[in-house]
Number of protein chains: 2
Amino acid sequence: MGEDGYGFELPLLLFAGFRTIVDRLHAELAAQGHPDARPAHGFALQAIGVRGATASEVGRRLGVSKQAAGKTVDRLEALGYVRREDDPADARRKLVLLTPRGLDVLERSAVIFEQIRAEWAEALGVKRVREMEADLRTMVPAAFFRLDVAGWFGA
Amino acid sequence: MGEDGYGFELPLLLFAGFRTIVDRLHAELAAQGHPDARPAHGFALQAIGVRGATASEVGRRLGVSKQAAGKTVDRLEALGYVRREDDPADARRKLVLLTPRGLDVLERSAVIFEQIRAEWAEALGVKRVREMEADLRTMVPAAFFRLDVAGWFGA
DNA sequence: GTAAACTCGACAACGTGGTTGACCAAAACG
DNA sequence: CGTTTTGGTCAACCACGTTGTCGAGTTTAC
């Protein structure tokens with residue numbers, strides 16, 4: 001063991017940092033009219049995007065099965081964040097589209113994330129935050145758009 | 001939005017960094033005779049510790065309900081990582097104790113985490129890794145350090 | 001010393017986010 | 001054409017979490 005402490009600290013700190021930000025985000029979202037939004041919803045809504053996507057496409061973008069993506073879309077639909085629409089050009093496809101409410105939660109999330117990052121920059125210095133982001137980009141495989149987030153968030 | 005990009009990047013990078021390390025850990029563990037080990041097991045085994053603990057204590061240390069902790073202990077028991085033993089001093093309690101196999105996976109995890117951290121230090125510089133850890137410690141609430149680290153290997 | 005309060009472990013029901021496998025209808029391809 | 005691929009859905013299952021309930025055992029208060 002090195003002088004820097006036990007090895008599990010680094011992954012634990014990374015996870016704790018992530019959870020700290022995500023928990024803050026959802027506390028803010030709850031206070032801004034989105035009490036039922038969950039982390040997985042944000043990932044899915046981003047994968048859907050303003051131009052819409054099919055459930056299968058969402059699954060591929062998130063690195064999960066089309067069935068899992070379909071169930072997530074079901075929940076988003078029940079919460080009013082997306083709607084489904086038949087694709088006139090392909091009778092198999094059902095386009096998933098953001099509702100105004102879905103767009104709202106995405107926009108608010110972006111604003112809140114910016115606020116949190118600004119707080120980190122104020123506490124640590126902009127340079128240190130930028131270095132942290134750059135270092136993480138160096139160490140993370142490029143194709144990390146794959147999320148597979150199950151179980152990593154609290155209730 | 002600042003010039004640094006969208007706010008989603010920082011939490012996504014933290015999560016990606018965590019996942020990158022944890023995925024590496026479990027690939028190594030699988031190659032070293034622990035193919036069924038999962039991330040949640042590692043957290044639970046740490047919470048149990050070499051001196052053992054009850055399911056309720058594990059739940060408190062991990063910040064989950066005693067029922068959830070009990071179910072995780074069930075799985076660890078089925079995998080041979082822990083055993084349960086009646087507490088002669090308190091007929092309500094059932095002590096959860098690491099088996100030799102449970103201790104083995106903990107020890108191997110510590111070694112692998114050290115290797116991964118050394119790789120990060122080689123790629124980024126020891127100073128930058130230390131700064132990252134220090135910065136994260138600054139930004140993360142102390143509640144995330146509930147895991148009882150002292151006495152990991154009987155120390 | 002006994003009654004009340006608390007704690008532990010267990011059971012049940014449920015929610016969320018995943019997985020495979022199977023299947024049909026529609027599209028794409030030979 | 002017929003064959004293969006693709007999109008959506010249903011069903012069963014798993015991992016991990018939640019509340020609520022409950023009996024048995026231990027503490028605490030009076």
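Every chain is numbered from 1 and lettered A, B, ... according to where its sequence line falls, protein lines coming before strand lines. Keep in mind that what you see is a predicted model, and the values were worked out from it rather than measured.
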- Message: Under the criterion side chain to side chain contact (heavy atoms under 4.5 Å, CB included), I'd like the reasoning laid out for Leu98(A) against Arg83(A): C-alpha separation, chi angles, the key distance, then a yes or no.
- Response: CA-CA 7 Å; Leu98(A) 298 180; Arg83(A) 62 191 163 83; over 6 Å; no
Return a table of donor-acceptor pairs under 3.5 angstrom between the side chains of residues 72-82 of chain A and protein atoms on other chains or two or more places apart.
residue  : atom : partner  : partner atom : Å
Thr72(A) : OG1  : Ala68(A) : O            : 3.2
Asp74(A) : OD1  : Arg84(A) : NH2          : 2.1
Glu77(A) : OE1  : Arg84(A) : NE           : 3.2
Glu77(A) : OE1  : Arg84(A) : NH2          : 3.4
Tyr81(A) : OH   : His34(A) : ND1          : 2.9

OP1 or OP2 of [N] versus the side-chain N and O atoms of [X]: is any pair under 4.0 Å?
X	N	result
Arg60(A)	dG7(D)	yes
Ser65(B)	dT18(D)	yes
Arg84(B)	dA10(C)	yes

- First locate atom OG1 of Thr20(B), then atom CG of Leu14(A), and finally report the distance between them rounded to the nearest 0.5 Å. 9.0 Å
- Query: Roughly how far, to the nearest 0.5 Å, is CG of Asp86(A) from CG of Leu95(A)?
  - Reply: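 Leu95(A) CG to Asp86(A) CG: 9.5 Å, rounded to 0.5 Å.
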- Task: Please list, by residue number, the residues of residues 69-78 of chain B whose heavy atoms come closer than 4.0 Å to an atom of DNA chain D; answer none if no residue qualifies.
- Result: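 Lys71(B), Thr72(B), Arg75(B) - these, ordered by number, are the residues of the stretch whose heavy atoms sit under 4.0 Å from the strand.
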- Val58(A) and Val96(A): side chain to side chain contact (heavy atoms under 4.5 Å, CB included), yes or no, with the steps? CA-CA 9 Å; Val58(A) 171; Val96(A) 182; 5.7 Å; no
Quickly work out the [X] [atom1] to [N] [atom2] distance and round it to whole Å.
X	N	atom1	atom2	answer
Arg38(B)	dC14(D)	CZ	C1'	9 Å
Lys94(B)	dG25(D)	NZ	P	11 Å
Asp86(A)	dT9(D)	CG	C1'	14 Å
Asp36(B)	dC16(D)	CG	P	11 Å

- Hey, quick one: are Val50(B) and Ile48(B) part of the same hydrophobic cluster, counting side-chain heavy atoms closer than 4.5 Å, chains of contacts allowed? yes
- Query: Just checking Ala68(A): base, sugar-phosphate only, or nothing, at a heavy-atom cut-off of under 4.0 Å?
  - Reply: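 Answer is base: heavy atoms of Ala68(A) come under 4.0 Å of a base.
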Measure from the side-chain N and O atoms of [X] to the backbone N and O of [Y], and report whether any donor-acceptor pair falls under 3.5 Å.
X	Y	answer
Glu57(A)	Thr54(A)	yes
Arg93(B)	Asp87(B)	no
His41(B)	Arg38(B)	yes

- Heavy atoms under 4.0 Å is the rule here; annotate nucleotides 22-30 of chain C 5' to 3' with B where the base is hit, S where only the sugar-phosphate is, and - elsewhere. B---BS---
